[in-house]
Number of protein chains: 2
Amino acid sequence: MGTQKPYHHGDLRQQLLLAGEQALLDMPIDDVSLREIARRAGVSHAAPKHHFASMADLLGEIAARGFQKFVDALESAAENSQSQTAEDRLFAMGRAYLRFADDNSAVYGLMFGQVVKMSMTPALTKSSYEAWTQLENAVAQVTGALRAPIAATHVWSSVHGLSMLKSARRLPPHVSLHAVEEENLRMMIAGLKEA
Amino acid sequence: MGTQKPYHHGDLRQQLLLAGEQALLDMPIDDVSLREIARRAGVSHAAPKHHFASMADLLGEIAARGFQKFVDALESAAENSQSQTAEDRLFAMGRAYLRFADDNSAVYGLMFGQVVKMSMTPALTKSSYEAWTQLENAVAQVTGALRAPIAATHVWSSVHGLSMLKSARRLPPHVSLHAVEEENLRMMIAGLKEA
DNA sequence: CTTTTTATATTTACACTGTAAAGATACGAG
DNA sequence: CTCGTATCTTTACAGTGTAAATATAAAAAG
């Protein structure tokens, strides 16, 4: 029973995920409904029921895939980082983080928002845990393993907070967005290195 | 035209704001609808139209009031702070911030979320600007006025990020929530004091 | 190859939602 | 007292997510 073979449509499950991701990219988030996603996949509005128990379930799966791309983006940023110091690798990851949040703001909102509950999507729990582990390892190179869990929380809070304030347009107009990113990452890492 | 006198109901506008705030306190946010708020105020579902152009408008007003309470909470926390040092006052404000976000998570979500657009609610722009000014002043006592705008962004990002990760339950299970708050604030302030 | 079973998709239905327009109501001004 | 107008209710409409009944096509069994 393992392989999910297409019956009528041709792997509708995958198509729905793709259609949902696309919709989140190119229309206002309030317009992204289950029916709209079904429409984009070319099926009736009730078809998704056979692949996803609810809309939150579908969005949870999209969020989980988001975390996977997220981990990949940060990993390749760390690898491509020219410098060898742990601080600089962390800095590069921070920039990649902010960039990911910008380029995928709707999915990012799902990954960290309230509509998708952590409990109801096992895939989300798993992939977000992988993201966390990745960050904690990178932080451990700077702070040591002992302080890594708490320090990683500080890193995540800081970068996540900036992403959210930016995307919600809650930053005051008199701060330069680009300068803020660089300086924020700098202060965040400086705070890490304190005893 | 100034004073909004009650005609039939008795200052329904105020009642709707209160009912909305109460609903956001004691039911899941998905269940808080315009009709539910009207129900709680004891009026028909179309009555709010005469006081608020749309649901987002009503929520925007609630968010603006949230910012006012928010400013009050931080101010009184700074005043009641035993210590005289600027760092400690900022620390106290940070704790008050986290507490406010905990105790008013739904309203806090409106204040910083996507459903209420900054542009469509002038009261929100004003009250959030006041909050920003308050923070920037407190930060200036630590960093000096020159670096205050950027430094304040770092403070806000860090504390906001932690609030969001907490309320969305995105922190990994192996970190103690209470320890994280204290340590995060500590690292955040340490990062501030770097050149 | 035919029949049966099962997974998939559609249709229909229900209880909601936010918003808009038309009708009733009661207050304030003249 | 009358009139106008702001307020509230009723009704209506286009959406939504979800559930159940129905149709269809593929796979499995004979």
Side-chain angles (χ1 to χ4, degrees), chain A residues 1-21 23-24 27-63 106 109-110 113-117 120-121, chain B residues 1-21 23-24 27-63 106 109-110 113-117 120-121:
Chain A
M1 52 326 205
T3 61
Q4 330 263 26
K5 285 286 176 55
Y7 283 74
H8 300 67
H9 183 279
D11 204 2
L12 178 56
R13 182 185 163 88
Q14 187 77 7
Q15 295 279 57
L16 287 168
L17 291 169
L18 292 173
E21 288 168 343
L24 289 169
M27 69 193 319
I29 192 154
D30 316 278
D31 297 352
V32 179
S33 63
L34 182 59
R35 286 162 115 105
E36 168 65 20
I37 295 175
R39 231 170 274 139
R40 282 168 175 253
V43 294
S44 83
H45 68 268
K49 200 64 193 292
H50 295 269
H51 302 275
F52 302 96
S54 68
M55 173 157 203
D57 189 34
L58 200 175
L59 295 178
E61 214 80 31
I62 290 179
L110 289 179
Q114 309 274 12
V115 298
V116 173
K117 316 288 182 200
M120 66 179 299
T121 311
Chain B
M1 53 320 198
T3 61
Q4 330 262 26
K5 285 285 177 55
Y7 283 75
H8 300 66
H9 184 278
D11 204 3
L12 178 56
R13 183 185 162 89
Q14 187 76 8
Q15 294 280 52
L16 287 169
L17 291 170
L18 292 173
E21 288 168 344
L24 289 169
M27 69 193 319
I29 193 153
D30 317 278
D31 296 353
V32 179
S33 63
L34 182 59
R35 286 163 114 106
E36 167 65 20
I37 295 175
R39 231 170 273 139
R40 282 168 175 254
V43 295
S44 84
H45 68 268
K49 200 64 193 292
H50 295 267
H51 302 274
F52 302 97
S54 68
M55 174 160 202
D57 188 33
L58 200 176
L59 295 178
E61 214 80 32
I62 291 179
L110 289 180
Q114 309 272 14
V115 297
V116 172
K117 315 290 183 201
M120 65 178 299
T121 310

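Any value given below was found using the heavy atoms of this structure, including those in side chains, with hydrogens, waters and symmetry copies removed. A note on names: the letters A, B, ... follow the listed sequences, proteins ahead of strands, and every chain is numbered from 1.
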task: Report the distance from atom CD of Q15(A) to atom C1' of dT8(C), rounded to the nearest whole Å.
output: 15 Å
message: For a side-chain contact (heavy atoms from CB on, under 4.5 Å) check, start with the C-alpha distance between H51(B) and E61(B), then their side-chain angles and the critical distance, and finish with the verdict.
response: CA-CA 11 Å; H51(B) 302 274; E61(B) 214 80 32; over 6 Å; no
Spacing of D30(B) atom CG relative to dT18(D) atom P, expressed in whole Å: 11 Å
query: Atom CE of M55(B) and atom CD1 of I37(B): how far apart are they, to the nearest 0.5 Å?
result: 4.5 Å
- request: Report yes if some heavy atom in the side chain of D11(B) is under 4.5 Å from a heavy atom in the side chain of R13(B); otherwise report no.
  value: yes
query: Heavy atoms, side chains only, cut-off 4.5 Å: are P48(A) and L34(A) in contact?
result: yes
field: Separation of T121(B) OG1 from F52(B) CZ (nearest 0.5 Å)
entry: 10.5 Å
task: Let me know the distance between CG of L16(A) and P of dG17(D), rounded to the nearest Å.
output: 13 Å
message: For a quick check, with a 4.0 angstrom heavy-atom cut-off, what is the B/S/- contact string for nucleotides 10-22 of chain C, read 5' to 3'?
response: BBBB---BBBBB-
- prompt: Any side-chain heavy atom of V32(B) sitting closer than 4.5 Å to one from M27(B)?
  reply: yes
query: Distance check: side-chain N/O of H51(A) vs OP1/OP2 of dA9(C), anything under 4.0 Å?
result: yes
task: Starting from P on dA26(D), measure out to CG on D11(A) and report it in whole angstrom.
output: 15 Å
